[in-house]
Amino acid sequence: MIDKILADQVVATVNELYNLSLSASDLSLSKTRKEFEGDYTLVVFPFVKAARKSPEQCATEIGQALVARTPFVESFNVIKGFLNIVVSSTEWLNFFGQKFNASAFGYAETKSDETIVVEYSSPNTNKPLHLGHVRNNLLGFSVSEILKANGKNVVMVNLVNDRGIHICKSMLAWVKFGEGETPESSGLKGDHLVGKYYVAFDKHYKAEIVGLVESGMKKEDAEKNAPLILEAQEMLRKWEQGDDATIQLWKMMNSWVYKGFDETYQRMGVSFDKIYHESETYLLGKDLVQKGLDAGVLFRKEDGSVWCDLTGDGLDEKLLLRADGTSVYMTQDLGTAMLRFDEYKPNKMVYVVGNEQDYHFNVLRLVLKKLGASWAEGIYHLSYGMVELPQGKMKSREGTVVDADDLIDGMIQTAREMTEQLGKLDDFGSEEAKRLHYNIAMGALKYFILKVDPKKTMMFNPAESIDFNGNTGPFIQYTHARICSVMRKATERGIKVSSELTYGMEMLGEKEKSLVKLLHDFPAVVQEAGNNLSPALVANYIFDLAKEYNQFYHDHHIMREENEAIRQFRLDLSFFTATVIRNGMKLLGIEVPEKM
RNA sequence: GGUCGCGUAGCUCAGCUGGAUAGAGCAGCAGCCUUCUAAGCUGCGGGUCAUUGGUUCGAAUCCAAUCGCGAUCACCA
C-alpha cells in the first residue's frame, strides 16, 4: 500500500540526509488533515536536532529528496514543522485500477499459520440471555471474523456453564413449585421457563431468610441455613455423585435451555465451532489441582480445602477446591484451558468476558503458570465494559434486565414500522419484507453496540438504538442499497462495471479522490482492528466511508453523467465502495440489503 | 481500606503508540426532492478535554496528586 511504501522512502531519505538509523516506527507519518493540501504529513520536529537546521529547512530538504527519489511523490509543501506530501493522482488511480474489482478487498491475501481460540458467550443454563450477553456475543463473533480476515486460523468456542449450585437452584424450584410445567405445556421458550424457576427459587429463599430472622436467627446464619439452600447444596452433591434422578432432571431442563439458546443464537447470527460443557471439563480441573498438590505448588488447609498462594505475586490466596471436595469456577476454567490447549495448540487464547472478571483472569494465568503451563502467556482476556441503561445498571431485583429475545423482537417491530411509514416496501413480497425488517433491526442493534470501544462501559439507550438516522447501521445499509440501485440502473442500460481500468487520471475530482483515499485505508483498518481486537475501528471507518460516499452521491451524477469515461469511473467507484461497505459490515456480522 | 479501570459539546461516542485551529452523530435552529432511493445532503449555534502540578519544541494523549464514578478483593459464577 502507498503509505507503507512512502514510510520506507521517508525512513531511507531521513537516514541518508542526517546520517541516522531510524526505522519506520520512529517517525510520525499520518494522513494530512483536511484543511491542508497533501495526502500524508511528516512531522519533522523529532530530527531537527540531529539535522541542526530549522524545522522549515529540514522539511524542505526531505521534501525535495522525496520528490527526487520517489516517482509517485508529486510535490510537497511545508507549514512550520510539518511536511505535507502530495501523492500523484496517477498513483491513486493505479491503486484504484488494481483493486476496485477485488471482491475480497481488505481481507488478508495470505493465510497465517497462527491459530487463535476465541471463547465467547459462555452462558449459564439457569436463565435466558440478556443485554450483557448480547454485547458479549456480538463482540466475540465480530472479533473472530476480523481475525479470520487477518488470515488467522480461528476456532470459535463456547463454554456452557451447565452445572453448579445456580443450576441446582432452578432445578429444585421446578421440582417444588413447577407442577410438571414444560415448554410444550406452557408455550414458554425453554430458557425463559427455566429462568422463571431460578427467580422463583430466589423469591422463596428470601422469604425463608426473612422467616428465620424473625424467629431470632442472625441474617448471616439464616442465609446459610435456610432449608432451600441446604437442599440445593444437597442436590449439587447428588449431581456430583451421579445420582440417577438428579441427572435425569438436569438433562431434561438443560435440553430446554439449549433449544432456547439455539434460537437466540441463530437470530443473533452467531455460531461456534465447538461447544464445551463445564459438566464435561470440571473434573479435568480437579485432576490438575491434584497434580499441583503432588508437585507442592498448591496446598491443603486443615479443613481439606485446596488453595494456591499468590501472595508472592501481590494477590491473595485463591481457593481451588472447597472443603467438601466440590470445585469452583476457577477449577473448571483451569481444566478447560488445559483441554483447549491440548486440542488446538493455539498461539493465543482469547476470552471474551466482562471486565468484572479482570481479577479472575490474572489469577487464571498465574495459577496455570505455577502448574507449569508456559503457554498461559498466550491467554488474552478481551475485557469488555458493562452495558448500562439510562436508569443505571441492569438489576434483576429491580426488573430492569433487558432480555435478549425481547430486545430483538422490539427492534424488528420498530424496523417494520419505520419501513412501512416510509413506504419503501411497496414492491416487496411478504417474505422479502420480513427478511429486510430483520436485517435492518439486527443491523441497527449490532452496529449500535459494536461501534463503541469494547473496553469502555457503554450506555444502551433504547430510544437511540432504534434511531435509524446518523451514525447507525441502517444509515450504512441504506448507502449500500442506494449504490445497488444505481447498479440496477446501469444494468438496465446495459452498462457494466469495468473489468479493467480504461480511463485516465483526469477523472479524479476532489470528492472522488478523497473517496479513493478512504477506500485505500480499508485493509489497514482491518489489520488494526485485528491487532486491537476492536470491531469499533471497523464500524467507525465504514461510517466515515458511507458519509463520504453520500456526499459524493449528492454532488455528482453517476448514470446521468454524459461523459462516458467519467460515468464509467463513477460507476466503478460506486461499485468499489459497495464492496468495502459489504466486506466491512460482514466483519461486524451485519448483512447489507440491496434494496430498502 | 488494598488493587484495577474510567471522567472529552445538553446526550451518546471518535480522537492510533504525544503533533497543526479537539471531531462525528443525536437533540435545537435554518435550508435542499419536476434530477440515479430525502433512512439522504448543506449551513448555524454549542468545549477551561474533571482539577492542579510536572515532563518538552509541542499534552485531551505521558507522569504524580486531588475530586467524582465504577469494578474487584467470596468455600458465587
Side-chain angles (χ1 to χ4, degrees), chain A residues 25 28 30 32-36 41 43-46 48-49 55 79-82 84 122 124 126 161 164-167 278 301 303-307 314-316 318-324 326-330 332-333 354-360 362 383 385-386 388 390 393 415 418-419 421-422 424 440 444 448 451-453 455-461 463-465 467-472 474-479 481-490 524 528 531-532 534 536-537 539-540 543-544 546-547 550-551 553-561 570-571 574 595-596:
Chain A
S25 57
S28 111
S30 54
T32 302
R33 298 177 56 148
K34 271 229 156 95
E35 59 266 38
F36 300 100
T41 295
V43 184
V44 301
F45 288 113
V48 292
K49 238 178 216 159
I79 300 172
K80 295 194 269 179
F82 299 90
N84 297 320
S122 316
N124 296 345
N126 61 341
N161 197 322
I165 189 71
H166 52 296
I167 312 293
E278 188 188 320
K301 288 197 177 173
D303 64 359
S305 56
V306 178
W307 298 74
L315 304 176
D316 297 325
K318 180 73 193 174
L319 176 88
L320 297 178
L321 278 183
R322 296 191 186 99
D324 66 1
T326 53
S327 57
V328 292
Y329 179 49
M330 183 61 72
Q332 66 81 21
D333 241 9
N355 62 9
E356 73 274 16
Q357 293 193 35
D358 287 353
Y359 181 77
H360 171 80
N362 284 337
S383 162
M386 319 213 105
E388 290 182 355
K393 291 197 294 185
M418 284 296 288
T419 310
Q421 204 180 76
L422 291 165
K424 297 238 177 184
I440 293 174
F448 188 86
K451 76 175 175 193
V452 181
D453 181 343
K455 292 192 292 282
K456 294 198 170 171
T457 304
M458 70 169 288
M459 170 71 66
F460 186 84
N461 186 328
E464 274 176 32
S465 71
D467 191 344
F468 295 166
N469 301 315
N471 188 356
T472 66
F475 168 84
I476 295 162
Q477 290 173 315
Y478 175 74
T479 308
R482 248 183 171 180
I483 297 175
C484 290
S485 174
V486 174
M487 291 298 154
R488 283 192 295 275
K489 283 277 179 322
E528 211 185 332
N531 293 337
N532 296 318
S534 174
L537 298 178
N540 288 312
F543 173 63
D544 286 341
K547 221 172 19 168
N550 278 327
Q551 287 165 13
Y553 178 92
H554 180 267
D555 293 351
H556 298 289
H557 297 308
I558 301 168
M559 291 316 293
R560 291 165 48 81
E561 169 62 45
R570 291 181 183 162
L571 184 71
S574 299
K595 275 193 205 174
M596 68 184 273

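The figures here come from the full heavy-atom set of this structure, side chains too, leaving out hydrogens, waters and symmetry mates. Letters A, B, ... mirror the listed sequences (proteins, then strands); counts begin at 1.
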Query raised in the report: Mapping Glu278(A) and Pro46(A) to their closest nucleotides on RNA chain B, which lands nearer the 5' end?
Result: Pro46(A)
Query raised in the report: Is C26(B) in the syn or the anti form, by the rule that syn lies within 90° of 0?
Result: anti
Report task. Return no unless some side-chain N or O of Tyr478(A) is found under 4.0 Å from OP1 or OP2 of A39(B). Result -> yes
Requested in this report: Give Thr41(A) one of three labels, base, sugar-phosphate or nothing, depending on what nucleic acid heavy atoms sit under 4.0 Å from its own.
Outcome: base
Report task. For Val43(A), report the nucleic acid contact type (base, sugar-phosphate, nothing); a contact means any heavy atom under 4.0 Å. Result -> base
Query raised in the report: If only side-chain N and O atoms of Lys489(A) are considered, is one of them under 4.0 Å from the OP1 or OP2 phosphate oxygen of U37(B)?
Result: yes
Query raised in the report: Rounding to a whole Å, what distance do you find between Phe448(A):CZ and C13(B):P?
Result: 7 Å
Query raised in the report: In whole angstroms, how far is the P atom of G40(B) from the NE2 atom of His557(A)?
Result: 21 Å
Query - Distance between P atoms of A50(B) and A14(B) (Å, rounded) - result: 15 Å
**Report entry** Aromatic ring pairing Phe448(A)/Phe460(A), orientation class (parallel under 30°, perpendicular over 60°, tilted between)
**Finding:** perpendicular
Query - Between G25(B) (P) and Phe475(A) (CZ): distance, integer Å - result: 9 Å
Query raised in the report: Tyr553(A) on top of G40(B)'s base, within under 5.5 Å and under 30°?
Result: no
Query raised in the report: Within the structure, does a side-chain N or O atom of Asn469(A) lie under 4.0 Å from either OP1 or OP2 of G40(B)?
Result: yes
Query raised in the report: For Arg322(A) and C76(B), is the shortest distance between a side-chain N/O and OP1 or OP2 below 4.0 Å?
Result: yes
Query raised in the report: Taking the C1' atom of each, how far is C69(B) from U8(B), in whole Å?
Result: 16 Å
Query raised in the report: What interatomic distance, in whole Å, is found between C1' of G18(B) and the corresponding atom of G31(B)?
Result: 41 Å
Review item, nucleotides 30-32 of chain B N/O atoms under 3.5 Å of protein N/O:
none

Query - First encountered from the 5' end of RNA chain B, between Ser327(A) and Ile558(A) - result: Ile558(A)
Report task. Scan Asn84(A) against the nucleic acid and name what it touches under 4.0 Å (heavy atoms): base, sugar-phosphate only, or nothing. Result -> base
Query raised in the report: Under 5.5 Å between ring centres and under 30° between planes: does that hold for Phe543(A) against the base of A24(B)?
Result: no
Report task. Pick the C1' atom in U51(B) and in A60(B), then give their distance to the nearest Å. Result -> 14 Å
Query raised in the report: In whole Å, what is the span from the CG atom of Leu537(A) to the P atom of C16(B)?
Result: 10 Å
Query raised in the report: Under a 3.5 Å cutoff on both atom distances, Watson-Crick or G-U, what's the dot-bracket for RNA chain B ([ ] crossing, | other strand)?
Result: (((((((..((((.....[...)))).(((((.......))))).....(((((..]....))))))))))))....
Query raised in the report: OP1, OP2 of A22(B) versus side-chain N and O of Arg33(A): anything below 4.0 Å?
Result: no
Report task. May I ask you to verify if any side-chain N or O of Lys456(A) is less than 4.0 angstrom from the OP1 or OP2 atom of G70(B)? Result -> no
Requested in this report: Determine the interatomic distance between P on G10(B) and the same-named atom on G46(B); round to the nearest Å.
Outcome: 11 Å
Query raised in the report: Ile440(A) CD1 to A39(B) C1': how many Å, rounded?
Result: 8 Å
Requested in this report: Please measure how far the C1' atom in A24(B) lies from the corresponding atom in A9(B), and state the result in whole Å.
Outcome: 11 Å
Query raised in the report: Distance between the C1' atoms of A27(B) and U12(B), in whole angstroms?
Result: 11 Å
Report task. Starting from P on C73(B), measure out to CD on Gln357(A) and report it in whole angstrom. Result -> 9 Å
